[in-house]
Each structure stands twice: as structure tokens, then as C-alpha cells.
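Read through the structure below, which is laid out as C-alpha cells, and then see the notes.
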Number of protein chains: 2
Amino acid sequence: MPLTIGQVATAADVNIQTIRYYERRGLFPTPRRTPAGYRQYADDAVARLRFIKHAQELGFSLKEIQELLGLRVRHGAACDAVERKTREKIELVQERIRDLHRMKRTLERLAAACAARQPTDDCPILEALEDHGDVDH
Amino acid sequence: MPLTIGQVATAADVNIQTIRYYERRGLFPTPRRTPAGYRQYADDAVARLRFIKHAQELGFSLKEIQELLGLRVRHGAACDAVERKTREKIELVQERIRDLHRMKRTLERLAAACAARQPTDDCPILEALEDHGDVDH
DNA sequence: TTACACTATGTACCTAGGTACATGGTCAAG
DNA sequence: CTTGACCATGTACCTAGGTACATAGTGTAA
């Protein structure tokens, strides 16, 4: 039994307008309609919305998310391409993780220095930041 | 020898307007001025800009970055507070890393399934997404 | 001393990602 | 058969994070 846009919105905890916005943007397939023009969604629409929100929190843009979701569409014959694109995204994610690890180490150095309360009274965050910023970018 | 805004902008590869924007936003301290009103920066301004850009790539908002940078300012007496705030940020970064790891595993599962080219012809990305989205949020 | 690159301020504009509002149709309950 | 909660479209507006433009002062090199 299909869901209305309001039910989907409530289940995924997003605004109705947002769903329509995603549809316009192409992140959401145009759904079937009732004779009266009401949108009808299957349950996976909720999962899709949750994925979008989650991916956004991880810093992916809607465009990137659209690509991620698009991987599903062209399957079968285009499976090679799907795999390639997926591996690219994995690389991207891996890089982001590495960067965050560096950021974490920077912060840990700061916290440690702070805890040691050095007699110099000079909190080393700026030097830490320079180290951080120059590691590889 | 102090740098002009243009020199800083060039060195850090950002727009001049962006530096002034950051100043308005409070991310950048108001610099000393020449008698004519020209802003004068020390070398660390460049490091600061690079840090901001880097933190942004990691998904921090300007507000969060402002907080990160602010940790340096209230040092000495407020060192406890600095350490507490820093540890909070570390927690946040750690969480982001965990999320990205989950995202990566999701993508890896997809790539693997794709490589195996299952006879069912059904690329499992949506199920993968549901798993992903429901792990702990 | 004039030309040109640079700086200043203020205001306007832009993209991304929504959110709200106005207006009107739909449908189920009473 | 009306009322209230939904849905539709279209357009306007909002925040974040810039970027551009107009206008005017500065500084240096020919």
C-alpha cells in the first residue's frame, strides 16, 4: 500500500517541501500519481531520504549524493561503470577519513599541551594548525 | 615586515573579499592599519586562512571553526575550559570518522556485489543504504 | 604628475539547500 | 454537503558562505 508524501515526510522526519525539492533536483524519482494527482511512494522512499540525510551529515553535496544513488540505476550491463564510480567514492571517503585523523591528532596535541599547562603560558594551537595545514595539501 | 591583504590572499589562495568577510564574521582578528587605513597582517594570517579552508573541507562550519580558533584565545587561566572544549571537538571528529567508516563499508559492499555480478541482476545498493542508515542514528 | 595597481567601504548579487506562503483542488467524517 | 486535514503548483523568502561591483583614496614608477 503506497504512502502519501506526508507519510513519507513524517517517517523520514523531513519537510514535505524538501521531498518535492529533491524531486525537482532529480534526487528523487518522479513517483506515480493517484487520479487526483497525489504522489504515491513505496516504503523505500523513506530509506532513500534517510540515506540522503545521512550522507549530507558526512559532508556529501546533493550532487554527490545524486551520483551515489545513481550508481544503483544503471546496473546490469553497466556494472563495470558502477563499480568504478563506487571505488572513486571510496577513495574520496578514505581521504576524508585521513584528513579527520590529522585534525584529531592536532586537537589532541592541543589538549595535551593544555593539560600539561606549560610554564611558557603559550597555548600552541597556531603552530599546531600550521603543522596541520601543511602536511600534504 | 607586515603583509597587505592582497599578499595574504595570494599566499593562502583565497579571495580578498573573503578575508574581509571573515573579519566581519569574527573569524579573523581586526588587523592593525597603516595611517592610510590599509590592513597589515603577520605571517600567521596565512596559516590561519589555510586552517579555515582545511577545516571547511572536513565539514566544519565557520561557526565551529570560529570556536576551534577561539580555543587559543582564552588560554592561561581558562586552560581547563580550553581543554574541555577541545575534547568535545575531538569526540565530534571521532564520530564523523566512525560515520565515514560505515559509509565506506557500505560502498565496499556495493562494489563487491557489483564485481561478483550476481545472477539475480539486482544491485543491492538500496538495501545497503538501509543497513547503513539504521546502524545508530 | 599622471598612470596603474592596489586598498578601502558599502551594497548587491550568487549558489546551495532548503522553507514558507498563497491559492486552489481532494477526501473522509460528521 | 460542509468543514478540516491533506495534497497540488508556483513563487517568494531564508541561511550559509562567499563574490562582484561601484566609488573613492593611496602609492609608486616613468
Side-chain angles (χ1 to χ4, degrees), chain A residues 1-42 45-46 48-70 92 96 133, chain B residues 1-42 45-46 48-70 92 96 133:
Chain A
M1 186 201 173
L3 304 168
T4 65
I5 193 169
Q7 290 168 327
V8 172
T10 300
D13 194 29
V14 302
N15 197 303
I16 287 182
Q17 317 280 10
T18 302
I19 297 176
R20 293 203 269 249
Y21 173 67
Y22 287 168
E23 190 180 317
R24 280 203 299 289
R25 288 277 313 240
L27 272 96
F28 240 71
T30 61
R32 272 170 301 112
R33 302 288 188 121
T34 67
Y38 285 26
R39 288 170 178 81
Q40 291 185 298
Y41 296 96
V46 177
R48 200 180 179 94
L49 280 175
R50 284 210 259 259
F51 176 76
I52 293 172
K53 286 182 64 183
H54 195 77
Q56 278 188 303
E57 282 166 23
L58 297 184
F60 290 96
S61 68
L62 289 186
K63 196 152 166 299
E64 287 174 314
I65 294 168
Q66 194 167 350
E67 281 172 35
L68 285 171
L69 288 167
L92 198 150
R96 227 185 268 252
Chain B
M1 188 201 173
L3 304 168
T4 66
I5 193 168
Q7 290 169 328
V8 172
T10 300
D13 193 30
V14 301
N15 197 301
I16 287 183
Q17 318 280 10
T18 302
I19 298 177
R20 294 203 268 251
Y21 172 67
Y22 287 169
E23 189 180 317
R24 280 202 299 289
R25 290 275 314 238
L27 272 96
F28 239 72
T30 61
R32 271 168 302 112
R33 303 288 189 119
T34 66
Y38 284 27
R39 289 171 180 79
Q40 290 185 299
Y41 297 95
V46 177
R48 199 181 180 95
L49 279 175
R50 282 210 260 258
F51 175 76
I52 293 172
K53 286 182 63 183
H54 194 76
Q56 278 188 304
E57 281 167 23
L58 298 183
F60 291 95
S61 67
L62 289 187
K63 198 154 164 295
E64 287 174 314
I65 294 168
Q66 195 167 351
E67 281 172 36
L68 284 172
L69 288 168
L92 199 151
R96 225 185 270 252

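Proteins get letters first, then strands, A, B, ... in listed order; numbering begins at 1 in each.
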Spell out protein contact along nucleotides 6-15 of chain C as letters: B when the base is contacted, S when just the sugar-phosphate is, - when no protein heavy atom is under 4.0 Å; keep the 5' to 3' order.
BSSB------
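- What separates CG of B/Leu49 from C1' of D/dG18 is a distance of 14 Å, to the nearest Å.
- Taking 4.0 angstrom as the limit, A/Gln56 places a side-chain polar atom (N or O) nearer than this to OP1 or OP2 of C/dG18.
- Within the structure, every side-chain polar atom (N or O) of A/Thr34 is placed at least 4.0 Å from both OP1 and OP2 of C/dT26.
- Under 4.0 angstrom from either OP1 or OP2 of C/dG18 there lies at least one side-chain N or O belonging to A/Tyr22.
- Among the protein residues, B/Ser61 comes within range of the sugar-phosphate backbone only, with heavy atoms under 4.0 Å from sugar or phosphate atoms but none that close to a base.
- Separating the CD atom in B/Glu64 from the CG atom in B/Leu69 is a distance of 12.0 Å, to the nearest 0.5 Å.
- Atom CG in A/Asp13 sits about 13 Å away from atom P in C/dG18, given to the nearest Å.
- A/Val46 has its side chain out of reach of A/Gln7: every pair of non-hydrogen atoms, C-beta onward, lies at least 4.5 Å apart.
- In this structure, NZ of A/Lys53 is placed 14 Å from C1' of C/dG17, rounded to the nearest angstrom.
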Using the rule given for side-chain contact (heavy atoms from CB on, under 4.5 Å), can you reason through A/Val14 versus A/Ile52, listing the C-alpha separation, both sets of side-chain angles and the distance that settles it, and then say yes or no?
CA-CA 11 Å; A/Val14 302; A/Ile52 293 172; over 6 Å; no
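- Of the candidate nucleotides C/dG18, D/dT19, C/dA16, C/dA16 has the atom nearest to the side chain of A/Arg25.
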Please list, one pair per line, the donor and acceptor atoms closer than 3.5 Å that link side chains of residues 18-34 of chain A to other protein atoms, with sequence neighbours excluded.
| residue | atom | partner | partner atom | Å |
| --- | --- | --- | --- | --- |
| A/Tyr21 | OH | A/Arg25 | NH1 | 3.3 |
| A/Glu23 | OE1 | A/Arg39 | NE | 2.7 |
| A/Arg33 | NH1 | A/Gly37 | O | 2.7 |
| A/Thr34 | OG1 | A/Ala36 | N | 3.3 |
| A/Thr34 | OG1 | A/Gly37 | N | 3.3 |
| A/Thr34 | OG1 | A/Tyr38 | N | 3.0 |

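- Under the 4.5 Å side-chain criterion, counting only non-hydrogen atoms from C-beta, A/Ile5 is not in contact with A/Gln40.
- No side-chain heavy atom of A/Tyr41 sits under 4.5 Å from any side-chain heavy atom of A/Arg48.
- In this structure, B/Gln66 places its CD atom 10 Å from P of D/dG17, rounding to the nearest Å.
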